[in-house]
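What follows is a short report on a single structure.
Heavy atoms only: backbone and side chains are in, while hydrogens, waters and symmetry mates are out. Proteins come first, then strands; the chains are lettered A, B, ... in the order of their sequence lines, and each starts at number 1.
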There are 2 protein chains.
Amino acid sequence: MSKKHVTSAEVAERAGVSQSAVSRTFTPGASASKKTAEKVRKAAAELGYRPNVLARAMVSGKSRIIGLVVAYLENQFYPEALEKLSNELQKRGYHLLIFLAEQTAGHIDIVVDEILDYQVDGIIAASVAMSSDLSERCRAAGVPMVLFNRSQDDPNMSAVTSDNYAGGRKVAEFLLAAGHRKIGHIAGWHGASTQRDREAGFISALAEAGVALHSRAEGDFSMEKATEATRSMFASDPPEAIFVANDHMALAVMDTLRFELGLKVPEDVSVVGYDDVPAASWPAYNLTTVRQPANRMVTNTVEILLDQIENEISETRRIAIDGPLILRGSAKIPEGWTT
Amino acid sequence: MSKKHVTSAEVAERAGVSQSAVSRTFTPGASASKKTAEKVRKAAAELGYRPNVLARAMVSGKSRIIGLVVAYLENQFYPEALEKLSNELQKRGYHLLIFLAEQTAGHIDIVVDEILDYQVDGIIAASVAMSSDLSERCRAAGVPMVLFNRSQDDPNMSAVTSDNYAGGRKVAEFLLAAGHRKIGHIAGWHGASTQRDREAGFISALAEAGVALHSRAEGDFSMEKATEATRSMFASDPPEAIFVANDHMALAVMDTLRFELGLKVPEDVSVVGYDDVPAASWPAYNLTTVRQPANRMVTNTVEILLDQIENEISETRRIAIDGPLILRGSAKIPEGWTT
DNA sequence: CTGAAAGCGCTAACAG
DNA sequence: CTGTTAGCGCTTTCAG
């Protein structure tokens, strides 16, 4: 039924050369005379031959597969990043094997084991908390890993994020300049480095102006929780402005403010988010936010990972890319504010 | 540096058994005595051994990798489907290798070749047009393929979609019952079967009521194009109601209507979409739409594919799952309308 | 430059 | 049930 895959041996026979000659013409760095290569390519084309990546992986130790661990795709930032990552990798001859990880501690371990089973050349962990233990296991297996949009205390783990601390500061400075003093924060999951850094930057800039956080609630990076957080924050003594730890939650916050609490944004409350997901620019929200430069984050991630894979550079690198505050209509704009 | 992967031979030695004994204890259907298995598992655990999936794939011919071809992830329906697909497959011991395909004819061919190189056990093609030629190539390679959310004229290609024709009819009946007679349609990409079926069902139900389409414009499944389509449709003699071929475009249509044209939805225009993506239920849109039952579509897709892979069932199946019209606030609700 | 030969790590007959 | 023996399809020494 299924015509078996054409092998290099069959091509060799048809081309009248050895099987190794076939291998060589399809191996980038190998030496084959123009004439031989010609014959081989011709025979290969006629037979529809293509090298078996898995067999190649077995002997070379390089599978050209990158494992991607990701927790959820609901937040629009991740599909976008996934798409860019995949494209960038595809261009370089690699492909992504997807692993969805539940945020429960034990599950991640299982997932990482499964990944390793596939002899991936590298791992990208997006939005997941990696224990040092786990990263140690990957290192032992000789599989480089880079964290995407999350960093870790572990100093020998490469990570690419936006400059969350600086971003948090920008939001505070912007809100302060607009004259707000009663400022609230709706936080994401406290275990995430992104959350901690954004909030730390935010608080520090507030503090420098002698302003303390007026109110705080946790939204856990989920829309439902963010909705509840908004309700409780506005139950009494509401703030004039809120910094929501990511856009995904900020959309829910705006909806709750407008359609449940009957408040006007930004007249009654200024709202600022973080990420600049596609929906942030949709007119219905028109959300002021800090952009995470997905393109540059992806480029850097791929570069670091492939450097480790192809050039065996083991130096760990941690990159935090600065992103601009995008002015839109969900927050009062300070007079004379530039950029 | 990188501690080489532990092999079954090493485990065998430590357990004092043959290498095949090790293989057998890790192969589901194989015969190994309780005692042997015990010893092997112990040794394996101590060494941290795990079977090499790629080596297994080479000899068994089963890689436990499913290739997923997808065009874009911007439309929220796809990340959602991807997440569910991956989860379902992961449960069954398979994993998704992602391939992003540009919609240009030539690129799909390249992508399919790349997929085949990885000796995938099966292919899921989501939202991409597959030529009969291409599907023939996969069949020749013995790799089953199922189309997700797109069907094809080719009768021996399995496909899972929602019942787009019935869905289109539902929208028409609903709009008609609300008393609308000047009804417009903003279409998606004309090459997509989903578009053709939705529109055909819509038109046919309209026709049965003696109503002709009042206006039509193409949005190509993109927000930008949908925005332009809305502008041109409302430039003169605007419709009272619009059926937009998918939610992704419908969001842009609503934004254009409200924020650019200053119209009220649904007071001035009723808008109905298709898919029921997450954003459709966000209060800012509250979009009336036909739900594509992603869960059931995924379940069916996986079942069909794994049946072909594991049970060598070659019968092609085409499934169209009925989805309900979800009543929300973007369209006038007919008096006494039920479900 | 080229062919022969040796495996990569594993499963699948095949005898015992 | 278990060990031995062949390979899966390919890259990579190693001689020539």
**Prompt:** Any side-chain donor paired with an acceptor under 3.5 Å for Q19(A) and S8(A)?
**Reply:** yes
**Item:** Check: L82(B) main-chain N/O paired with S86(B) side-chain donor or acceptor under 3.5 Å
**Value:** no
**Item:** Any Y49(B) side-chain N or O less than 4.0 Å from OP1/OP2 of dC10(C)
**Value:** yes
**Request:** Would you mind telling me which residue lines up with the more 5' stretch of DNA chain D, G16(B) or P51(A), judged by nearest nucleotide?
**Result:** G16(B)
**Asked** When you check the phosphate oxygens OP1 and OP2 of dT2(C), does a side-chain N or O of S33(A) lie under 4.0 Å from one of them?
**Response** yes
**Request:** Answer with base, sugar-phosphate or nothing: what part of the nucleic acid does S23(A) contact at a heavy-atom distance below 4.0 Å?
**Result:** base
**Message:** From NZ of K39(A) over to C1' of dC1(C), roughly how many Å is that when rounded to an integer?
**Reply:** 12 Å
**Prompt:** Has S20(B) got a side-chain N or O lying under 4.0 Å from the OP1 or OP2 atom of dA12(C)?
**Reply:** no
**Prompt:** Taking atom types as modelled, is there a side-chain donor on N52(B) or Y118(A) under 3.5 Å from an acceptor on the other?
**Reply:** no
**Request:** Could you list the residues that satisfy side chain to side chain donor-acceptor pair (under 3.5 Å) with T36(B), not counting sequence neighbours?
**Result:** S33(B)
**Prompt:** Over how many whole Å does the gap from F26(A) atom CZ to dT12(D) atom P extend?
**Reply:** 16 Å
**Request:** Quickly work out the D117(A) CG to dC10(C) P distance and round it to whole Å.
**Result:** 10 Å
**Request:** Would you kindly give the CZ-to-C1' distance between R50(A) and dC10(D), to the nearest whole Å?
**Result:** 16 Å
**Item:** Comparing K34(A) and Q19(A) on DNA chain C - which has the more 5′ nearest nucleotide
**Value:** K34(A)
**Asked** Between E10(A) (CD) and dC10(D) (P), how many Å, whole number?
**Response** 9 Å
**Complete:** Taken to the nearest whole Å, CG/N52(B) to P/dC8(D) is 18 Å
**Asked** Between T7(B) and dG9(C), is there a side-chain N or O to OP1/OP2 distance below 4.0 Å?
**Response** no
**Asked** Would you say dG3(C) has OP1 or OP2 under 4.0 Å from some side-chain N or O of S18(A)?
**Response** yes
**Asked** Cation-pi between R41(A) and F26(A): NZ/CZ under 6.0 Å from ring centre and within 45° of the ring axis?
**Response** yes
**Item:** Phosphate OP1/OP2 of dG9(D): any S8(A) side-chain N/O under 4.0 Å
**Value:** no
**Distance, rounded to the nearest Å, where L47(B) contributes CG and dG9(C) contributes P** = 14 Å
**Prompt:** In whole angstrom, what separates R24(B)'s CZ from dA12(C)'s C1'?
**Reply:** 9 Å
